[in-house]
Engineer: 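First the structure, which I've put down as C-alpha cells, then a few questions once you've had a look.
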Amino acid sequence: MVNELPEKYVLQVRNISKSFPGVRALNDVSFNLKVGETLALVGENGAGKSTMMKILAGVYVPDAGEIIIEGNAVSIGSVERATQFGVALVHQELNLCDNLSIAGNVFLGREPRRPHFKKIIDFDKMNKDAAEVLKKVGLNTNPSKILKELPISAQQLVEISKALSIHAKVVMFDEPTSSLSEHETEQLFNVIKDLNSHGISCIYISHRLGEVKDVADRVIVLRDGKLSGSLDKDEINRDRMIRLMVGRDIEKMYEKRHLVTDKVRLQLEDLIVPKQARFPVNLAVKGGEIVVLSGLIGAGRSELLHTIFGVDKSWGGKILLDGKEVTINKPIDAIRAGMVLVPEDRKLNGLVVNLEVDNNIALPGLCDNLSNRGFIDKKKVIELADTMVKKLDIRLFKTTQLAESLSGGNQQKVVLAKWLAMNPTLLLLDEPTRGIDVGAKAEIYKLLEDLAQLGVAILVASSELQEVLGIADRIVVMCEGRITGELDPASCSEEDIMKLATERLK
Amino acid sequence: MIKSNKMVEYVRSMKRIGGITFLLFLIILVTAIINPQFISSYNIRNILRWTGLFGLLSLGAAFVVITGGIDLSIGSVVGLIGSIAAYLMVHAQWPVWMVLIFIILLSATIGLIHGLLITKIHMQAFVVTLCGLFVYRGLARYLMDDRTQGYGTGFQNVRFLAGGRLPSAFWPAGQAPKFIQNWSIPMPFLLLIAIAVLMAIVLNKTIYGQHLKATGRNECASRFSGIHTDNVLIIAYVISSTLAGLGGLLFSLDLNTVQPSSMGNMYELYAIAGCVVGGVSLRGGDGSILGVILGTAIVRVLYNAINVAGVSTQLEQVVLGLVILIGVAADEVVRMIAAQRKVRESMILAQKALEKSKQTES
C-alpha cells in the first residue's frame, strides 16, 4: 500500500479514532478512496459509519489519525472547510428548505452575487447554473420551482446537485435509498456511475446489502468501530458482508412456521382513503396471516394504513373486524377494537424520543389499565416495561433511559413493545425495518412470525423486496392508490412485483 | 417556458394576497354602507396614518416571525423610545439629529441584546422578549418618573414626520387646492411605503433575505450549508427593535402626550396580528411584505370600522379578535375543502381511466 503513488487516491484515511463519552465510536480505522471509484461502507448500526462520515464532512474532529486529500494531510474541522476541500455529504434525512426554490437550495449559503451590488442575489445566474447541475443528475425541472412541489425522489436529486455544485471530488451518500423506490434507486445508481466516469469518487453507506453489489467497486466493513474487512468487486456477496458485519452467519433471516387460519380478521369494503388515494380499496387479512403491501413510494400504502387505523378519517366504505362493521374515527377507536399501528417514522410518530423507555412503552395503555382514577400506577408501568424489554430482548442499561439514547434497532423494538403491550389481534406495520441493522431485522421477523403463530393478523407495508418475498403469505401490490394485483411469494419474483407496482394508468 | 412558469408562480403567490385584499375591501364596503362617513377623506387619512405607524411595527415583527421567533417587547420599546425622544428634545434640549441617532442606536442595541441572548445563550425568544416587555416598560416609567412627556406646540419640523401630509405641504398653509388638501397622503404612510419597498428588496433579492427564509424553515440545513444562522437571527431582532424604536418616535410625535406607563401597551400584539392576518406563518419561513401591510391595514380598518359603525367601544377588541379568528379559520377551511374536492375529482377521472384501460384490453 505504502508504495503506491498517492495521486491515485483522492482520499486517504489513516488510523482515525474517535471517542464519545462512554463509547469508542472509531478505533484506528484506515482506508483509501481511489479517483472515480465508489466505495461502499457497511456495518451494523453503531458500527461507526455515521461517525466516519461526519468526520469527513467536518462535523466532528477526530481524536487521532490523519486525513489526506490528494496527497496533502489536512484537518477538516468544519463544514465550510470540508466544502473547500471538495468533500460533500448527501444527508440521509433530506437537509433542504422546502420554502425556497430548487436553485435556492442548490446554492444555499453560496448564492451568486450581482457584479455591482454584492449583497443582491443574481437570480438569473443562479437559475442558469442550477439548471446545468440539475442536468448532470438527470432532473429536468425549472430551477425556479419551489422545492415543496417536488416529489421526495426529486428532492434527493436536488440534494445531490447541491453536493455537485461545490465541485466535489468526494461525494458521500448516507443511506440515500431509504426513501426511494426500486426504480428511483436505479436512477440514483446511474447518477453515481456517471459521477464516477467524470472522476468523482463516492462513498456509499447503506443498510440494503442487495444494492451494494450493484453500485460499489469495493466494500469496506466496520464492526464496533473497527475495520473488519474489505471486499473487491468480484468478492462482494451478501453472506460475506453479513459475516464481516456481525462476525457470525445469520442462520435464516426468514423462517415460516405459522399457519394461516380461515377466520377473516380484517376486511375492507370499498374503503376510500382521503387525500392521496384515488380508488376504493377492497382487502382482507386472515388471522395468522402476514399480508405485505408492496409498491413504490407514494403508492398510497402508508395512507391506507393510516386510514384503517383512524389517523386519517376515511371518506367512505366499510371496515369490518371479525365480520362486524366498526366505526373508526380516530386511533383510540382502532386501539379499542384491538388493532395497533407501528408507524413509519419512529422518531416522529413512533416514539416520544425525549421520554424514558418505560414511559414510552406505557403510553398507549395509560388510560385503560395502567392508571387508577387518573393517577399513573408507577408500579404497573415498571412491571410492564420490564416484561416487554425482556420479551423483545431490547438492549439497554435501564428502562428509565431516554428512548433517543438507544440504537435504531432497539428504538424500533421499543415501538413494537409499546404496541404489543396492548395485546393486539390485528397488527399494522409501516416499513418496520427501515434503517435498522441486519441483526435487529432478523429479530423483528422472528417476532412477527411468533405473533402470526398466535393467530394475530398482520398487515405490513414494505419497500424492501427481499423482505416482502421473505415474510409474506400474500403480497398485495399497490400503485397510485390502487391495488394492482396479488401475488404468491412462493411463485413470484421481484420483477413480478415491480411490474404491478409500476402499472400506472395513462 | 421559464417565463410562463414564472407567471404561474406569480399568480399562485398572489392568490393569498388576493384573498387578503378582498377581505380588506369587504370590510370597507360593509362599513361604508352602514355609515358613509367611513370613506370620507378625513377618515381615510386617519386610517392611512395609523396603518403607517402600526405597519412599521408589523414589518419589524414580520422579520422575526419569519425566523420562527417572536418579539413581545415591541410595545414596551415604543413606550421607552417614545418617552425618551420627547424628554431629550424638550427637557434635555438635545438637537433633533442627535436625538434621532441616539434612539436608533438605543433601539438597535436592544435588538442586539435580544439576538445575542437567543443565539449565544440559547434562550427562547418568547422568554427573552417577554422579559424585555417588562423591563423597558418599567425603565420608561422610572426614567420619566411616570410623568407625561410632550412636545407642546414646538418642534413643528420634526413633528411633520408624523402629522404632516404630502403633497399639500408644498403649498402655504391652507392654500392648496381643495382636492389636494383632501387627498394628500399622511407622512407615516409614505414612510411605511418607503421602508416597505426597502424591506421587500431585502427579503426577496438579497443574500440576507434568502438566508432569513432558509433559517426560518430549516435552521439545521442552513447551518450545514455554511450560513451563519446566529447572525441571521440577530439581525432580524435588531431590525424588529429598530423599527419599533422608529415607530415609538413617530407615535410620540403624533400623540404629543406620551404616558410612559401606557404608551404602546399591547402594540406588539397588534404587530403580530398584522403579520398573521397578512399570511406570515408563525411556523417560520413564509411571509411577504405586501401581505404584512395589507394585514396591518385590515386590523386598522377594523378598529376604525367598529367605531364608525357605532359598535360599543367596550366590544371593539371582541370584534377584532373574532374577525381575525374567523378570517384565518376560513382560510384553512377553504383550503381543506379545495383539497377534498380536488381528490374527489381525480377519483372520478381515475375511475374513468381504469374503465378505459379495461376496455382497450378486452
Side-chain angles (χ1 to χ4, degrees), chain A residues 57-59 78-80 82-83 89 91 93-101 104-105 107-114 117-124 126-128 131 141-149 159 162 166 272-280 315 480-482 503-506, chain B residues 1-6 8-10 12-13 66 68 201-229 232 281 283-287 336 339-340 342-358 360:
Chain A
V59 181
S78 77
V79 179
E80 282 135 320
T83 309
L89 174 62
H91 294 266
E93 276 111 27
L94 292 175
N95 230 342
L96 298 165
C97 300
D98 65 2
N99 56 340
L100 302 184
S101 68
N105 271 291
F107 289 102
L108 188 61
R110 298 169 291 108
E111 293 83 358
R113 293 150 189 253
R114 286 265 187 91
F117 304 94
K118 293 286 182 203
K119 295 281 176 201
I120 307 271
I121 299 175
D122 189 341
F123 280 101
D124 289 337
M126 191 162 89
N127 287 333
K128 224 178 87 214
T141 319
N142 184 350
S144 62
K145 205 173 190 180
I146 301 298
L147 192 80
K148 229 186 316 214
E149 294 162 21
E159 175 103 41
K162 197 171 158 179
I166 66 164
I272 298 179
V273 177
K275 289 179 197 161
Q276 276 157 40
R278 300 184 296 167
F279 293 91
W315 286 357
E480 295 178 335
R482 181 169 64 105
E503 203 181 285
R504 295 196 167 94
L505 288 174
K506 295 276 149 40
Chain B
M1 177 67 186
I2 285 186
K3 272 262 143 51
S4 69
N5 260 329
K6 260 188 185 162
V8 171
E9 260 163 52
Y10 183 73
R12 195 175 297 160
S13 70
I66 288 173
I201 292 172
V202 169
L203 188 62
N204 298 315
K205 299 285 174 201
T206 64
I207 309 261
Y208 175 73
Q210 183 87 347
H211 290 183
L212 182 80
K213 284 185 270 189
T215 307
R217 178 53 55 99
N218 190 339
E219 194 178 342
C220 188
S222 306
R223 203 166 334 113
F224 272 68
S225 302
I227 295 173
H228 296 283
T229 52
V232 170
S281 165
R283 292 185 198 100
D286 288 323
M336 248 161 57
Q340 281 203 9
K342 215 169 132 193
V343 171
R344 298 233 178 241
E345 275 165 14
S346 70
M347 260 180 83
I348 295 166
L349 282 178
Q351 209 74 44
K352 276 183 191 154
L354 184 65
E355 273 158 28
K356 209 171 155 193
S357 72
K358 269 184 190 156
T360 47

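Only a predicted model underlies this, so the values are computations on that prediction, with no experimental measurement involved. Protein chains get the first letters and strands the later ones, always in sequence-line order, with residue 1 at the start of each.
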Engineer: Evaluate side chain to side chain contact (heavy atoms under 4.5 Å, CB included) for B/Ile207 paired with A/Arg113, printing each intermediate quantity in order.
Structural biologist: CA-CA 8 Å; B/Ile207 309 261; A/Arg113 293 150 189 253; 3.6 Å; yes
Engineer: Of the non-hydrogen atoms in B/Phe224 and A/Val79, which two are nearest, and what is the gap between them?
Structural biologist: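 Here B/Phe224 and A/Val79 meet closest at O-CG1, 3.2 Å.
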Engineer: Among A/Ile121, A/Asn105, A/Asp122, A/Thr83, which residue forms the greatest number of heavy-atom pairs with chain B at distances under 4.5 Å?
Structural biologist: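 So the answer, after comparing A/Ile121, A/Asn105, A/Asp122, A/Thr83, is A/Ile121.
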Engineer: Looking at A/Asn99 and B/Asp286, would you say the former's side chain and the latter's main chain have a donor-acceptor pair under 3.5 Å?
Structural biologist: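 Answer holds: no.
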Engineer: Is it the side chain or the backbone of B/Thr215 that comes within 4.5 Å of chain A heavy atoms, both, or neither?
Structural biologist: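 It is neither, since no heavy atom gets under 4.5 Å.
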Engineer: Do you know which of B/His228, B/Lys213, B/Gln210 has the most heavy-atom pairs under 4.5 Å to chain A?
Structural biologist: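 Top option by heavy-atom pairs under 4.5 Å: B/Gln210.
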Engineer: Once rounded to the nearest 0.5 Å, what's the spacing between atom CZ of A/Phe117 and atom NZ of B/Lys205?
Structural biologist: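 It comes to 13.0 Å.
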Engineer: How long is the gap from CD1 on B/Ile227 to CD on A/Glu80, to the nearest 0.5 Å?
Structural biologist: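 Interatomic distance, B/Ile227 CD1 to A/Glu80 CD, rounded to 0.5 Å: 10.5 Å.
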Engineer: What heavy-atom pair brings A/Cys97 and B/Ala214 nearest, and what distance separates the two atoms?
Structural biologist: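 The pair with the smallest heavy-atom distance is SG-O, 3.5 Å.
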Engineer: Carefully, step by step, assess B/His211 and A/Glu111 under the rule side chain to side chain contact (heavy atoms under 4.5 Å, CB included).
Structural biologist: CA-CA 10 Å; B/His211 290 183; A/Glu111 293 83 358; 2.9 Å; yes
Engineer: With respect to chain B, which residue among A/Leu108, A/Leu89, A/Ile120 yields the maximal number of heavy-atom pairs within a distance under 4.5 Å?
Structural biologist: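 Maximum pair count with chain B is reached by A/Leu108.
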Engineer: Between B/Ser225 and A/Lys162, which heavy-atom pair has the shortest distance, and what is it?
Structural biologist: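 Scanning both residues, the minimum pair turns out to be OG-NZ, 2.8 Å.
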